[in-house]
Amino acid sequence: MSEFTVLLCVPLLGAVILAWLGGTARAAAINVLFSAVTLLAAAALTLRVVATGPHIVFGELFFVDAFNVFLVALTAFVAFTTSLYSGPYMRVEIDRGKVGPNAMRLYHSMYQLFVFTMLVALTSNNLGILWVALEAATLATVLLVSLYRTPASLEAAWKYFILCGVGIAQALFGTILLYLAAARVVGEGSTALLWTHLDAVKDQLEPSIVGIGFVFLLVGYGTKVGLAPLHNWLPDAHAEGPTPVSAVLSGLLLNVALYAVVRFKVLVDGALGTPLAGNLMMAFGLLSVVMAAFLLSRQKDAKRLFAYSSVEHMGIITFAFGMGGALANFAGLLHMTVHSLTKSAIFFAVGHAAQKAGSQAIGDIRGLVHRSPVVAWGLMVGTLAILGMPPFGVFAAEFLLLSAAMREHPWAAGVLLLSLGVAFAAVFFKVQGMVFGEPSLQPLEHRPAVFPVLVHLVLVLMLGLYIPPYLAAWYREAARMIG
Amino acid sequence: MSLAGQIVNLIAALLLLVSFAMLSQRRVRDLVDLFMIQGALLAAATLVTAVATGQSHLYYSAALTVALKVIVLPLILRRVLRRLALETDVELLINIPTTMLVGIALVVVAFNMAVPISQLAGTITRGALGIALACVLLAFLMMITRRKALAQVVGFLSMENGLFFAATSVTYGMPMVVELGIALDVLVGTFVFGVFFFRIRETFDSLDTSHFEKLKDR
């Protein structure tokens with residue numbers, strides 16, 4: 001099918017062309033163009049899958065169903081808006097001499113390559129290729145995190161590289177074990193790693209091997225999701241890289257890694273017939289929420305603050321998928337969507353604010369509202385949204401999850417509520433000082449990109465007030481699929 | 001047990017020995033040599049399995065291992081060493097005996113972990129899974145205890161070797177397309193590491209990761 005070919009080929013082609021033209025003045029526009037075509041392909045693919053159901057392409061190597069097509073659309077969308085944002089943002093960084101043309105070439109090329117690897121990971125039917133794509137996503141972003149070559153950014157990138165490398169090595173062992181279990185049922189060869197085939201025979205897989213395998217997979221991919229206590233790389237990588245990279249790492253890569261975990265959970269649930277996988281995910285999720293909530297109040301760097309907020313939200317979503325059932329899965333999927341949109345909008349606003357202040361420290365960013373009201377209100381509204389205030393989409397997702405948790409695990413609902421309260425207290429007052437307070441900021445050399453911030457926040461608001469029926473039907477379909 | 005199985009077990013024992021040698025090696029340059037030997041042993045084990053079982057894709061797999069882990073990766077690593085003039089770099093590690101003791105404990109853990117899995121595998125080489133897991137854990141230990149960035153990278157690559165061996169011993173290797181993908185990732189990863197070394201060196205004037213202690217939650 002042609003949309004799918006376009007979807008994968010465009011970012012790859014973009015990576016090649018931008019490796020060549022990425023340092024020129026037009027590079028930002030070319031980057032936007034490629035992202036826009038990817039988005040169009042994703043939209044066409046989504047329409048096709050909604051109309052005619054799941055698709056299997058390229059000799060079963062790739063497949064698209066209700067669950068991953070929604071993440072493909074989200075990934076293409078956020079990648080597009082981030083490319084819009086990245087132009088003005090990176091121009092300021094170039095003017096200030098923080099990056100040169102060669103670094104910009106690397107930046108643009110790796111940006112497209114990163115989008116490509118995420119799309120491959122999302123659509124791959126072969127669980128081995130899924131691993132390869134996720135590892136490639138790490139490799140594509142590691143040089144982006146250290147783009148500024150400051151000591152702190154090098155340290156962050158090294159940590160990211162080593163920790164995620166070790167994590168993903170464990171996931172590889174988990175994949176090997178799953179292959180061992182599958183080969184006993186469907187025979188050796190490529191088919192034994194195809195998700196669609198495994199899904200059909202999941203109740204015949206040897207439970208003991210699959211169970212051990214899932215522990216490795218959860219720890220491995222969980223490192224990439226940023227689940228506590230494996231989250232150490234996440235705040236550093238988010239804080240030290242360029243802001244557009246923080247936005248896509250937080251908004252997209254974490255989702256893709258969690259997607260991998262959920263795909264495996266479906267198989268493991270089928271093989272074991274016990275809630276082992278779900279319980280493990282709930283435990284990791286809850287631990288992440290609690291740890292992040294309490295670490296939030298200690299942050300002095302604006303981007304680190306929101307990186308910890310990502311740990312918290314990924315914890316909530318992991319908890320939701322761990323609990324399972326129609327309502328919790330629905331909440332998890334909705335939360336994935338609104339978290340991506342809100343968190344990237346916040347990073348966009350924080351990035352501009354930090355450029356104005358010349359520092360990422362929360363104490364140095366003051367009185368944003370007096371200097372650029374749109375960015376300031378974007379940050380304020382985004383923060384309220386991410387903290388779960390009504391009427392935004394995050395509130396709707398958290399409300400659904402809490403009502404599901406209240407019924408099945410009342411004690412966990414209490415812990416979640418408490419953590420959300422702690423997180424609110426920690427983040428709200430910090431952001432209030434950044435937005436209001438005495439102004440201390442410089443005007444920017446270029447107009448900030450406020451359009452992506454506004455689009456994201458309007459969408460999050462819309463999802464909080466009204467979920468269109470076709471979208472709700474789509475979430476329900478995906479929620480049913482992942483059990 | 002068949003002859004091939006015995007040969008593979010012998011090679012596996014040698015692999016374990018190399019892993020311990022890596023753990024105790026102070027010179028980064030010798031570490032690269034050991035990594036090359038490990039790659040060669042891995043290729044030999046894969047080849048023996050291929051001959052014994054007639055699994056044709058294992059031949060490719062062995063060839064790929066030789067090309068990547070015996071030739072290309074050591075070449076890149078040596079080049080980085082030469083360009084950065086690290087050949088005389090000696091690491092000050094006072095706790096090698098302790099590390100070795102921890103390593104022995106890890107081997108016991110690995111063997112215990114392998115028992116339930118290898119019982120279910122139908123391969124002639126399944127007995128080697130314990131050693132493969134031990135290699136993974138020892139490489140992991142090396143990454144934790146070393147301070148030189150290059151030693152950590154060799155640890156990382158050697159961990160991948162262990163995983164590769166695990167895959168060969170329980171399932172006769174992953175499907176070819178996956179193995180190619182993994183090989184590509186390892187190769188690109190090593191290049192990225194190489195670029196990274198130069199960046200670290202430019203900024204810190206050394207490749208000691210003990211400089212990396214700035215980013216903490218104060």
Side-chain angles (χ1 to χ4, degrees), chain A residues 61 106 126-129 131-136 138-140 142-143 146 149-159 161-162 165-166 168-170 172-173 175-177 179-184 188-194 206 208-209 212-213 232 235-236 239-240 295 298-300 304 308, chain B residues 55 57 113 116-123 126 132-133 136 139-140 143-144 149 152-153 155-156 159-160 162-164 166-168 170-186 188-189 191-193 195-196 199-200 202-204 209 211-218:
Chain A
L61 256 186
L106 179 79
N126 187 317
L127 296 172
I129 299 294
W131 184 90
V132 171
L134 266 175
E135 170 73 4
T138 310
L139 294 175
V142 76
L143 289 178
S146 68
R149 304 197 183 193
T150 56
S153 72
L154 281 172
E155 178 183 345
W158 186 256
K159 225 170 172 179
F161 204 172
I162 293 291
V166 171
I168 208 126
Q170 309 204 29
L172 179 61
F173 186 62
T175 311
I176 293 171
L177 289 182
Y179 178 61
L180 167 64
R184 287 159 55 89
E188 306 241 333
S190 271
T191 47
L193 272 177
L194 294 181
E206 174 62 42
S208 60
I209 307 182
I212 301 173
N232 287 38
D236 298 342
E240 301 306 329
L295 282 167
R298 292 172 53 190
Q299 301 310 315
K300 297 191 172 64
R304 277 183 90 84
Y308 271 106
Chain B
Q55 299 262 340
H57 78 101
M113 203 158 71
I117 302 168
S118 57
Q119 273 171 354
L120 293 163
T123 55
R126 61 187 183 190
L133 280 182
V136 173
F140 186 48
M143 286 178 76
I144 300 172
Q152 292 185 351
V153 171
F156 179 74
M159 180 141 87
E160 203 274 328
L163 286 170
F164 181 90
T168 320
V170 291
T171 65
Y172 295 142
M174 302 281 268
M176 206 58 214
V177 53
V178 177
E179 247 171 44
L180 280 175
I182 295 172
L184 182 72
D185 271 353
V186 169
V188 174
F191 271 116
V192 174
F193 271 126
V195 174
F196 219 77
R199 288 191 178 180
I200 296 178
E202 254 169 45
T203 312
F204 292 103
T209 51
H211 296 291
F212 288 175
E213 278 165 13
K214 298 280 186 307
L215 291 178
K216 280 182 187 153
D217 291 315
R218 285 169 292 267

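Chain naming here is simple, since letters A, B, ... match the order of the sequence lines and numbering starts at 1 in each.
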By a 4.5 Å heavy-atom criterion (distance strictly below it), what part of [X] contacts chain A: side chain, backbone, both, or neither?
{"X": "B:M159", "result": "side chain"}
{"X": "B:M143", "result": "side chain"}
{"X": "B:V136", "result": "neither"}
{"X": "B:L133", "result": "side chain"}

I need the [X] [atom1] to [Y] [atom2] distance, nearest 0.5 Å.
{"X": "B:I182", "Y": "A:L172", "atom1": "CD1", "atom2": "CG", "answer": "4.5 Å"}
{"X": "A:I162", "Y": "B:I144", "atom1": "CD1", "atom2": "CD1", "answer": "11.0 Å"}
{"X": "B:M174", "Y": "A:W131", "atom1": "CE", "atom2": "CH2", "answer": "9.0 Å"}

| Excluding sequence neighbours, so at least two apart, what forms side-chain hydrogen bond (donor to acceptor under 3.5 Å, both in side chains) with B:E179? | B:S61
| Mind checking what makes side-chain hydrogen bond (donor to acceptor under 3.5 Å, both in side chains) contact with A:T150, not counting sequence neighbours? |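 If we apply the side-chain hydrogen bond (donor to acceptor under 3.5 Å, both in side chains) test to A:T150, skipping adjacent residues, the hits are A:S153.
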Which pair of non-hydrogen atoms, one from [X] and one from [Y], has the smallest distance, and what is that distance?
{"X": "A:I129", "Y": "B:V177", "value": "CD1-CG2, 3.8 Å"}
{"X": "A:Y179", "Y": "B:G173", "value": "CE2-O, 3.4 Å"}
{"X": "A:L177", "Y": "B:I117", "value": "CD2-CG2, 3.6 Å"}
{"X": "A:L106", "Y": "B:R199", "value": "CD2-NH2, 3.5 Å"}

Contact origin within [X] toward chain B - heavy atom pairs under 4.5 Å:
{"X": "A:A183", "result": "neither"}
{"X": "A:E135", "result": "both"}
{"X": "A:I212", "result": "side chain"}
{"X": "A:I168", "result": "neither"}
{"X": "A:S208", "result": "side chain"}
{"X": "A:A157", "result": "both"}

| task | For the pair A:F161 and B:F193, name the ring-plane relationship: parallel under 30°, tilted 30 to 60°, perpendicular over 60°. | result |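 Parallel.
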| said: Among A:L193, A:L127, A:L139, which residue has the highest count of heavy-atom pairs closer than 4.5 Å to chain B? | reply: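 So the answer, after comparing A:L193, A:L127, A:L139, is A:L139.
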| message | If you count heavy-atom pairs within less than 4.5 Å of chain B, which of A:S146, A:G165, A:A169, A:A181 leads? | response |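 The candidate making the most pairs under 4.5 Å is A:S146.
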| query | Just wondering, more than 12 heavy atoms not from B:F156 lying within 6.0 Å of its CZ? | reply | yes
| query | A:W158 versus B:I200: any side-chain heavy-atom pair under 4.5 Å? | reply | yes
